[in-house]
Amino acid sequence: MFNLLDITGNKIENRKALTNGSKNDKKLPVISMVDTFSFDNTEFLNSTFNMSLEISPKKEKILETESSINIFLNDANSSQFMIFSTNQGLDMSNCKKLSKIVSHISNIVLFNTWSQRIWSKESELFFESFFEYRCGNKIEENLSELIILINVQDSDESVIMREKISAQIKTKIDLLFKKAKKTNDISFSIEFNFLPHPKYEKDNFKGLCKKISEKIANHKTRMKSIRTFNEITISNLVEIVEKNNFEEEKINESVEEIIFSGTNGDDVVMIDSAFSTALRQSANYMAELTKSVDENNKIPGFGPKANEIMQNTLELFDNKVSSIEKKDFIVHKKQELEAIIDTSLSSIFLKQLSIIRELAIAHFKAATGNEDVPVDFAFFTADSFFVREAEDSVRTGSSWSYSAERTNVHNTIREISNRRKQLISEKIQHAEHQANAFQYLQMQQAQMQAIQQQQYGGGAGSWNIGAAYRPPDSNLNISMGYQQGRTNIQISMVPDEQASLLGPNGFTSGVGPANMGVSLNLNL
């Protein structure tokens, strides 16, 4: 079974209107989208193909249906197309049939994978089978050119690492292409797109999806111009899918040869299903942790939480495959599952260390802000904090290490200390310069005073004199002084200071009303 849907995700119930020969049975290009895991690809479809799919509020899955095949039909605008997609990821039971369908319908294949498991045995089997069908069987002439867009989801690798990953995967696919028996003249190219998490870096994700959309449009235009772009009718696509319904296909001998011989096909399906289920559960657990560190928030007790995620995931896998007697393949898949989860948790651990590093440096800066705290003590406190928090973040039984980040913390603190010492030294030099400048100004001021004394005081041998006179029985007091070349005459009218000795009325006699005194100063 499969779903025929419009670009909003609603089922097209009236399939009779799309039967062969009807006016609605249009010839459209088909873009195939293959997911290595059961991704929530709603955001990818909406952002890349301008669709309007809604996310389920409970599970955040694109569609809550039993069918694993979806055909999206967009015939409402000038950019008409069909998208062949699956709800479920690749497993050993569906690789060959899925690759057969895709090889017969598409020039452009979107291969969506996960940054923590970019290449797998399922991926290798898909491309091996795909090239066998595409190169070894009679196909439409318009399928002679192939564009493979590998989209790495939830990627945070460096540019150098991305180039390395791209080169490795391209080499693997090239070898599979050369290995296939060729009866057709086929050419293909591979392009890589590294996408961030759509939930936590939404704008960046949408921008990159828009670039993918532009790449697809450019390829379509170019291939149409040279007539190497395939278009099929809706009824023809439906017929191909119905004839090659990979949900009902049992694993054949070639698949069993890739894995361990002697493993029952049904058991392999069960093991792969358990593997995918456990991996999805661990991804859900890690999503919130990833969000926390991406927002620069430290995760308290990350080590025990990582242990719990690993333990719960492996227990879920064991419970799903407990009824299978053949254990060799189970052990192999369990080891692969543990390695994938450990890699994912390790990336979160590295981000956690970066946050702890910044906190340790902040501790050091806060401690050295107090001049009474020795630098050595502040260094020891910051280092102890980093070691304590980093040790609490290590998963038990893992090979995780924080020694390199600890060395980085030490180097950063030393650099801060050296800069602080340099700053203090510059402040001291600045204070000395200010003191010297102040001393120079004082000397200049003293010299100016000396010059003034020479100018107004007549130089060496200058003299000062003063005299005062009060006429008898009067309130008039006259004083005169000569100092530093200036003459000062002061005339005041004040009561006699000795009035209290002159009789009972002496202290009451004054000049003017209210016994107010009058003074007059003349400077000549």
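This chain uses plain numbering: 1 for the first residue, then up along the sequence.
With no hydrogens or angles considered, a side-chain donor-acceptor pair links Glu391 and Tyr402 at under 3.5 Å. Checking Thr412 against Arg357 by side-chain atom types alone, a donor-acceptor pair falls below 3.5 Å. Residues Ser32 and Ser106 have side chains that bring a donor and an acceptor to within less than 3.5 angstrom of each other. Donor-acceptor pairing under 3.5 Å is lacking for the side chains of Glu214 and His219. Side-chain contact of Thr343 with Ser346: a donor-acceptor pair under 3.5 Å is absent, judged by distance alone. With hydrogens and angles left out, the side-chain atoms of Asn307 and Thr396 include a donor and acceptor closer than 3.5 Å. No hydrogens or angles considered: a donor-acceptor pair under 3.5 Å links the side chains of Lys215 and Asn193.
Leu337 CG to Ser276 OG: the interatomic distance, rounded to the nearest 0.5 Å, is 9.5 Å. Distance check, rounded to the nearest 0.5 Å: CG of Leu314 to CG of Asn319 gives 11.0 Å. Atom OG of Ser347 and atom CG of Leu289 lie 10.5 Å apart (nearest 0.5 Å). Between the OG atom of Ser123 and the CZ atom of Phe130 there is a distance of 14.0 Å, given to the nearest 0.5 Å. Taking CD1 of Ile299 as the reference point, atom NZ of Lys291 lies at 12.5 Å (rounded to 0.5 Å). To the nearest 0.5 Å, atom CG of residue Asp383 and atom CZ of residue Arg388 are 10.5 Å apart.
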| message | Applying side chain to side chain contact (heavy atoms under 4.5 Å, CB included) to Ile190 and Ile169, what does each step give before you reach the verdict? | response | CA-CA 10 Å; Ile190 304 174; Ile169 296 179; over 6 Å; no

| task | Could you walk me through whether Phe49 and Ile83 pass the side chain to side chain contact (heavy atoms under 4.5 Å, CB included) test, one step at a time? | result | CA-CA 9 Å; Phe49 299 106; Ile83 298 176; 3.5 Å; yes

| task | Show the numbers, then the answer: is there a side chain to side chain contact (heavy atoms under 4.5 Å, CB included) between Asp35 and Gln153? | result | CA-CA 10 Å; Asp35 295 339; Gln153 306 274 356; over 6 Å; no

| task | In sequence, state the C-alpha distance, the side-chain angles, and the governing distance for Lys100 and Glu132, and then conclude on side chain to side chain contact (heavy atoms under 4.5 Å, CB included). | result | CA-CA 9 Å; Lys100 184 176 181 181; Glu132 285 180 0; over 6 Å; no

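Taking the side chain as every heavy atom from C-beta outward, Ile147 and Asn107 never approach each other to under 4.5 Å. Put simply, the side chain of Leu110 does not reach to within 4.5 Å of the side chain of Val34, judged on heavy atoms. Two residues are said to be in side-chain contact when any heavy atoms from C-beta on lie closer than 4.5 Å; Thr36 and Trp119 fail this criterion. Between Asn297 and Val293, the closest side-chain pair of non-hydrogen atoms is not below 4.5 Å. Residues Asn50 and Asn46 form no side-chain contact, since every pair of their non-hydrogen atoms from C-beta on lies 4.5 Å or further apart. You'll find the side chain of Met33 reaches within 4.5 Å of the side chain of Phe44, heavy atoms only. For the pair Thr113/Asn151, no side-chain contact is recorded, criterion being any heavy-atom separation below 4.5 Å from C-beta on. No side-chain heavy atom of Val30 sits less than 4.5 Å from a side-chain heavy atom of Ile108.
Between the side chain of Ser166 and the backbone N or O of Arg162 there is at least one donor-acceptor pair closer than 3.5 Å. The backbone N or O of Cys209 lies less than 3.5 Å from no partner atom in the side chain of Ser213, so there is not a single donor-acceptor pair. Under a 3.5 Å cut-off, the side chain of Ser344 and the backbone N or O of Ile340 do form a donor-acceptor pair. Under a 3.5 Å cut-off, the side chain of Asn418 and the backbone N or O of Arg414 do form a donor-acceptor pair. Proximity of a side-chain donor or acceptor of Ser282 to a complementary backbone N or O of Leu279 within less than 3.5 Å is detected. In this structure a side-chain-to-backbone donor-acceptor pair under 3.5 Å is present from Ser99 to Lys96. A donor-acceptor pair is defined here as one N or O able to donate and one able to accept, closer than 3.5 Å; no such pair exists between the side chain of Asp342 and the backbone of Glu338. Here the side chain of Ser398 pairs a donor or acceptor atom with the backbone of Arg395 at under 3.5 angstrom.
For the pairing with Arg406, the side-chain contact (heavy atoms from CB on, under 4.5 Å) check across Asn411, Val387, Leu353 returns one residue only, Val387. The side-chain contact (heavy atoms from CB on, under 4.5 Å) test with Leu195 singles out one residue from Val152, Asn204, Asn112, Leu208, and that residue is Leu208.
Surrounding NZ of Lys320 are at most 12 heavy atoms belonging to other residues, nucleotides or ligands under 6.0 Å away. Remark: Glu191 CD is packed, more than 12 non-hydrogen atoms of other residues, nucleotides or ligands lying under 6.0 Å away.
At a threshold of 4.0 Å, the pair Lys172-Glu124 does not count as salt-bridged, since none of the basic side-chain nitrogens sits closer than that to a carboxylate oxygen. With respect to the salt-bridge test (charged N to carboxylate O, under 4.0 angstrom), the residues Lys170 and Asp174 qualify. At a threshold of 4.0 Å, the pair Lys333-Glu336 counts as salt-bridged, since one of the basic side-chain nitrogens sits closer than that to a carboxylate oxygen.
The two residues Val409 and Ala360 come nearest to each other via the heavy atoms CG1-CB, 4.4 Å. Closest approach of Gln281 to Asn312, counting heavy atoms only: NE2-O, 3.9 Å. The heavy-atom pair separating Phe302 from Leu345 by the smallest distance is CZ-O, 3.7 Å. Smallest separation of non-hydrogen atoms from Ser393 and Phe349: O-CD1, 3.4 Å. Taking all atoms of both residues into account, the shortest heavy-atom contact from Ser47 to Phe205 is OG-CE2, 4.3 Å. Scanning all heavy atoms of the two residues, the minimum distance from Gly301 to Pro304 falls at O-CD, 3.2 Å.
Aromatic rings from Phe386 and His363 are positioned such that their centres are separated by 6.0 Å or more. For an aromatic pair to be called close, the ring centres must be under 6.0 Å apart, and Phe364 with Phe385 fails this. Ring centroids of Phe127 and Phe177 are separated by 6.0 Å or more, keeping the two rings apart.
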